[in-house]
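By convention in this document, chain letters (A, B, ...) are assigned in the order of the sequence lines, proteins followed by strands, and residues within each chain are numbered from 1.
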There are 2 protein chains.
Amino acid sequence: MQLTLSTNKLSETTEDAAVIEQLARQLKVLGEPNRLRIVQLLREGVQCNCELGDALEMAPNLISHHLRILREVGLVEVERDAVDARWIYYSLNRAALKELTALFGAFFDPARIKERHPSCGPQGSVVRTDEILVVT
Amino acid sequence: MQLTLSTNKLSETTEDAAVIEQLARQLKVLGEPNRLRIVQLLREGVQCNCELGDALEMAPNLISHHLRILREVGLVEVERDAVDARWIYYSLNRAALKELTALFGAFFDPARIKERHPSCGPQGSVVRTDEILVVT
DNA sequence: TAATTAGTTCAACAATCATTGATCTATTAG
DNA sequence: CTAATAGATCAATGATTGTTGAACTAATTA
């Protein structure tokens, strides 16, 4: 899938919707502390299930579970050792991360946030009143 | 909180852990399709509850719920209309987004992924065998 | 062949969370 | 004072999902 954000209004409802859903799926996967720690370890070059489990003090089956989820959204790849095929190595998918960081940077770029142009309300002047609403 | 990733090994266990947890919390919030759609609308300048609800075909209380969650992680800010205080306007927190995009870009930068240096396994040659593991 | 090893898969449980409908608050209009 | 408006809060529900322990596969070793 080509992951770019449309700048024209035309394809906004169809194309962008798919991009947003794909982005949401990946961010949801990354929005889990243990998975984010796994990604951090993979960045450092750690790669087999046991190493990850040792570093994070997690059971192998749980590591396996999170790696599967990371794989399902294309962020992680798998290799088997050519000498001893019992060992399986995991690594980050560089192409996927390149695409993701580009999309993320574009989507959340503060510079691209447009000014308010309300289509409802009295359209009166607005006064900043942060923290008026109580948040527990 | 200062959100930068340590490059030295020293503070990796303490400082980075907090950064990763904060990052995970924000990504988790953004990893929800409807919230991501709300963010997209806020990027376009749409801001009041009713506008968001109309655009997304969601009930006001649900919009309210998601906006609260976006606020709790600092991504969204609130203003009240100075003329008619019944109207509440939501907007993206530019500073928070700037910090987030910088951290995200650094954390997931493909160029910073280190090569494998396994501390376990037979350390034999590795052959690429993608999709060996069945994923349903 | 039998025993280890590395890792996955499965079933069950508990916690989290998005959604819904109803109620409540605050503000403005009549 | 009495609606009406904009929106938040509350309680309940159903689905999703992280975690756990046990069983299972596949590969290697003795």
Atom pair distance, as rounded to whole Å: [atom1] in [X] and [atom2] in [N]:
X      : N       : atom1 : atom2 : result
E51(A) : dG7(C)  : CD    : P     : 9 Å
L62(A) : dT9(C)  : CG    : P     : 14 Å
H65(A) : dA11(C) : NE2   : P     : 14 Å
M58(A) : dG18(D) : CE    : P     : 10 Å
E32(B) : dT19(C) : CD    : C1'   : 10 Å
N61(A) : dA11(C) : CG    : P     : 15 Å
I63(B) : dG7(D)  : CD1   : P     : 10 Å
E57(B) : dT19(C) : CD    : P     : 14 Å

Donor-acceptor under 3.5 Å (N93(A) side chain, G74(A) main chain):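 Pair found, side chain donor or acceptor close to backbone of G74(A).
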Residue C50(B), side-chain atoms from C-beta onward, closest of dG7(D), dT19(C), dA6(C): dG7(D)
S64(A), nearest nucleotide to its side chain (from dG18(D), dT9(C), dG7(D)):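 Side chain of S64(A) sits closest to dT9(C).
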Sugar-phosphate, base or nothing in reach of I69(B), heavy atoms under 4.0 Å: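 Sugar-phosphate contact only - I69(B) comes under 4.0 Å of backbone atoms but never of a base.
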Sugar-phosphate, base or nothing in reach of L52(A), heavy atoms under 4.0 Å: nothing
Does [X] have a side-chain nitrogen or oxygen under 4.0 Å from the phosphate oxygens OP1 or OP2 of [N]?
X      : N       : answer
K28(B) : dT16(C) : no
N34(A) : dT19(D) : yes
H66(A) : dT19(D) : yes

Would you call [X] and [Y] a salt bridge, using N to O less than 4.0 angstrom?
X       : Y      : answer
E115(A) : R43(B) : no
R37(B)  : E21(A) : yes
R68(A)  : E72(A) : yes

For E57(B), side chain to side chain donor-acceptor pair (under 3.5 Å) partners two or more places apart: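 Side chain to side chain donor-acceptor pair (under 3.5 Å) list for E57(B), sorted by chain: empty.
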Contacts of type side chain to side chain donor-acceptor pair (under 3.5 Å), residue H66(A), not counting sequence neighbours: R35(A)
Can you give me the N/O atom pairs linking the protein to nucleotides 23-27 of chain D at distances under 3.5 Å, or say none if there are none?
none

Between CD1 on residue I20(B) and CG on residue L36(A), distance to nearest 0.5 Å: 5.5 Å
